[in-house]
Amino acid sequence: MTAPELLRPPATDVRETTEIGRFLGWLERQRGLRFDGYDDLHRWSVDDLDGFWSAVWEFFRVRAHSPYGRVLGRREMPGAEWFPGATLNYAEHAVGLVDDPDSDADQVAVLAFAQTRERVELTWGQLREQVARARAGLRRLGVGRGDRVVAYLPNIPETLVAFLATASLGAVWASCAPEFGARSVVDRFGQIEPTVLLAVAGYGYGGKDVDRRDQVAEIRAGLAGVRHVVHVPYGKNSLPDTVGWDALLAEPGEPAFDPVPFAHPLYVLFSSGTTGKPKAIVHGHGGILLEHLKNHGLSWDLRPGDRILWFSTTAWMMWNALVSALLVRASIVMVDGNPLHPDLRWQWRLAAETQATLLGASPGFLMACRKEGVRPAAEFDLSRVRQIGAAGSPLPVEGYRWVAEQFGPGVLLNVGSGGTDVCSGIMQGGPLQPVWSGEISGRCLGVAAQAFDEQGNAVVGELGELVITAPMPSMPVGFWNDRDDERYRSAYFDVYPGVWRHGDWVRFSAVGSAVVAGRSDATLNRAGVRLGTAEFYRVVEELPEVVDSLVVHLEDPAGGNGELLLFVQLRARVALDDALHRRISTALRTQLSPRHIPDTITAVPVVPRNRTGKKLELPVKRILLGAAPDDVASRDVLADPTALDAFAALAAARVRR
């Protein structure tokens, strides 16, 4: 296997100009540790978990109300125990309390842009005041430690304030974006039995007003334990029989934060629900605090005065990651609405207007900008941008090169892969790492990631299961109401005992870079050879006629090759004729191998994706094998609710044949 192409080496002044450089200097002064480069630093971070995570704790000055006795009380997985004895509170760190609270009171902490109302700003002083008022209001509603507060809210400042107030009380938070239908919301929130629901009556999406009053009524009816509903005004509609947001914040309160144990639940994140009932994944105060301090400071290079813009809804873990930029005293840009309205340039315009220093984007968005000829650095003043992040799906080689061409060597492209399960990255880049064309730079600090073959042996240079062989603090506390951790063990530890299996199919190179080839449960197996889906998409979606694509493999019970089925979404007024069929097959054969040529190529109106942009290979496969669409994925979790209809029709036609 040839080495990947080096697109950008680490800057020569990393040690002097970045947060990870400052961390290296601190390690040398305080611990007597010197590392020649990222590989050495990473090796230490996973070989000496006690040393590394205690260093993160001290370097970022975690405020504990009672000290920890040791870093790892228990090391085995599942069941690792981090920082036993320590008590703290995530929200205390997020609101940026300082010795002199007036020192930053007038500096902007939050900028919010929406297609429903005008721009909103909150200073650090205003954020602290509103969190204190919301905390007092939630207490008046009877919310206390361990109670669940849920939000049917968009990515707006009120959602942030309510979350931090909930966390300050030791109560447990969960959120869903208001574009979710009632059934999907009840499937999620119903598992954790909330007592308070915050909701909007509608929202704007592009040029359209969306009324959600009926959905809120259904959600209320489906959550029997909800005692109070708080209406957050947003748009023109209102909700009856609710507590108003202004009433919740009516009385002043003193900033206060209840100390909780390290593993005390902070929030519940839900899996996509495209392969079964959504998993209710519980994350703890301490694990999220430490992991996000490490990630945001040492990988994303965020620091006081910086600003992050990363489009997300409240149903995606990237919302939680965006909010955590406050932990390192960076301000956040909250964006709500259609990310492509009025055009592809909207997010670039926002980045210029807000003077963002870190701009996060989906690979699909970057590739769409490339195809449409957008020239962001030439068209907008993006001079403050130091880093562009990409996550959610693999970024093709062409996307790496496009970013490098547009922004030059002064801007770091940081492509990452992780997930809701750890609420962070497992592999990504950073200022101390090189950028390899088409490949993620390497493993994250403190994450012992490897690729395993079916026998549980680590492999390099070939595809294998992505595993984590040592505990990390942000692994879930557990699943909600999971008796004896049965579902938790089954989800991550059923294949390799004592080793976390993430569910991705990955290849690590000899230089440590990584390529994610897709979900391992969607990996294609032709005559015993496993093929990743991502490499198909890179080739097919480079063709100008193709907007999107999806590939699945239907196994042959007799052990033959089975059927390799490729589905393509074509540009308007483009037909899948014989000539285009040949071009697709030829591209796959010449750029990949004859084994990659599909048995059939079918045009579909739209490729199904969930609301975070992930393609739904496994639900499509199950439909083609006879499952009903509503049994494999709720329409509410689909970016386009009609996206599975074409596959149901194809499955019916297969039966008739």
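Below, all heavy atoms of this structure are taken into account, side chains as well, without hydrogens, waters or symmetry copies.
Applying the salt bridge (Lys or Arg N to Asp or Glu O under 4.0 Å) test to every pair with at least one member in residues 408-436, sequence neighbours left out, gives no pairs at all.
A donor-acceptor pair is defined here as one N or O able to donate and one able to accept, closer than 3.5 Å; such a pair exists between the side chain of His296 and the backbone of Ala321. Distance alone, capped at 3.5 Å, is enough to place a donor-acceptor pair between the Gln387 side chain and the Trp300 backbone. With His292 contributing its side chain and Ser424 its backbone, the two residues share no donor-acceptor pair below 3.5 Å. A distance-only check finds a donor-acceptor pair linking the side chain of Arg384 to the backbone of Gln355 [under 3.5 Å]. Here the side chain of Lys236 pairs no donor or acceptor atom with the backbone of Gly202 at under 3.5 angstrom. Looking at Asn155, its side chain never comes within 3.5 Å of a backbone N or O of Met334 through a donor-acceptor pair. Within the 3.5 Å criterion, the main-chain N or O of Val95 finds a donor-acceptor partner in the side chain of Arg128. Using modelled atom types, no side-chain atom of Tyr38 and backbone atom of Pro431 make a donor-acceptor pair closer than 3.5 Å. Put simply, the side chain of His341 never gets that close to the backbone of Trp346: no donor and acceptor are under 3.5 Å apart. The main-chain N or O of Asn338 is found under 3.5 Å from a side-chain atom of Gln115 such that the two form a donor-acceptor pair.
Rounding to the nearest 0.5 angstrom, the gap separating the OG atom in Ser474 from the CE atom in Met317 is 9.0 Å. Note: Leu309 CG to Leu111 CG = 9.0 Å, rounded to the nearest 0.5 Å. Put simply, CG on Asp301 and OG1 on Thr357 are 8.5 Å apart, with the number rounded to the nearest 0.5 Å. If you take CD1 on Ile440 and OG on Ser509, they are separated by 11.5 Å, rounding to the nearest 0.5 Å. One distance of note links OG1 of Thr602 with CG of Leu566; it measures 8.0 Å at 0.5 Å rounding. For the atom pair Thr354 OG1 and Glu121 CD, the distance stands at 10.5 Å (nearest 0.5 Å).
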Inset, instruction - Could you check Thr159 against Val232 for side chain to side chain contact (heavy atoms under 4.5 Å, CB included), going step by step and ending with a plain yes or no? - result: CA-CA 9 Å; Thr159 313; Val232 176; over 6 Å; no

Between Val110 and Gln126, is a side chain to side chain contact (heavy atoms under 4.5 Å, CB included) present by the stated rule, with each step listed? CA-CA 10 Å; Val110 181; Gln126 290 168 333; over 6 Å; no

(request) Could you please spell out the steps behind the side chain to side chain contact (heavy atoms under 4.5 Å, CB included) verdict for Glu353 and Phe113? (result) CA-CA 11 Å; Glu353 181 177 342; Phe113 294 81; 3.4 Å; yes

- side chain to side chain contact (heavy atoms under 4.5 Å, CB included) between Trp173 and Leu266, worked out: CA-CA 6 Å; Trp173 173 265; Leu266 171 63; over 6 Å; no

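Annotation: Glu118, atom CD; neighbour count of heavy atoms from other residues, nucleotides and ligands within 6.0 Å does not exceed 12. Environment of CZ in Arg375: sparse, with no more than 12 heavy atoms of neighbouring residues, nucleotides or ligands closer than 6.0 Å.
Taking the six-membered ring where the residue is Trp, the centroids of Phe311 and Trp316 are separated by 6.0 Å or more. Taking the six-membered ring wherever Trp is involved, the centroid distance between the rings of Tyr152 and Phe189 does not fall below 6.0 Å. Close placement of the Phe647 and Phe567 rings is indicated, their centers lying within 6.0 Å of each other.
Residues Asp306 and Val328 are not in side-chain contact: their nearest non-hydrogen atoms beyond the backbone lie 4.5 Å or more apart. By the 4.5 Å heavy-atom criterion applied to side chains, Val604 and Val568 are not counted as neighbours. Using a 4.5 Å cut-off on side-chain heavy atoms (C-beta onward), Tyr234 and Asp336 make contact.
Looking at Ser331 and Arg307, their side chains do bring a donor and an acceptor atom within 3.5 Å of each other. Looking at Ser324 and Tyr90, their side chains do bring a donor and an acceptor atom within 3.5 Å of each other. Using modelled atom types and a 3.5 Å distance limit, the side chains of Gln433 and Ser441 yield no donor-acceptor pair.
At a threshold of 4.0 Å, the pair Arg507-Glu439 counts as salt-bridged, since one of the basic side-chain nitrogens sits closer than that to a carboxylate oxygen. Of the charged side-chain nitrogens involved, none lies within less than 4.0 Å of a carboxylate oxygen, so that Arg401 and Glu542 do not count as a salt-bridged pair. Of the charged side-chain nitrogens involved, none lies within less than 4.0 Å of a carboxylate oxygen, so that Arg370 and Glu398 do not count as a salt-bridged pair. Salt bridge Glu158/Arg117: present, at least one basic N to carboxylate O contact under 4.0 Å. A salt bridge does not link Arg345 with Asp343: none of the charged nitrogens is closer than 4.0 Å to a carboxylate oxygen.
The aromatic rings of Tyr205 and Tyr203 sit perpendicular to each other, their planes meeting at more than 60°, with 30° as the lower class boundary. Below 30°, between 30° and 60°, or above 60°: for Phe407 and Trp348 the angle between ring planes is between 30° and 60°, a tilted geometry.
Of the candidates Arg571, Arg583, Lys371, Arg583 is the only one forming a salt bridge (Lys or Arg N to Asp or Glu O under 4.0 Å) with Glu545.
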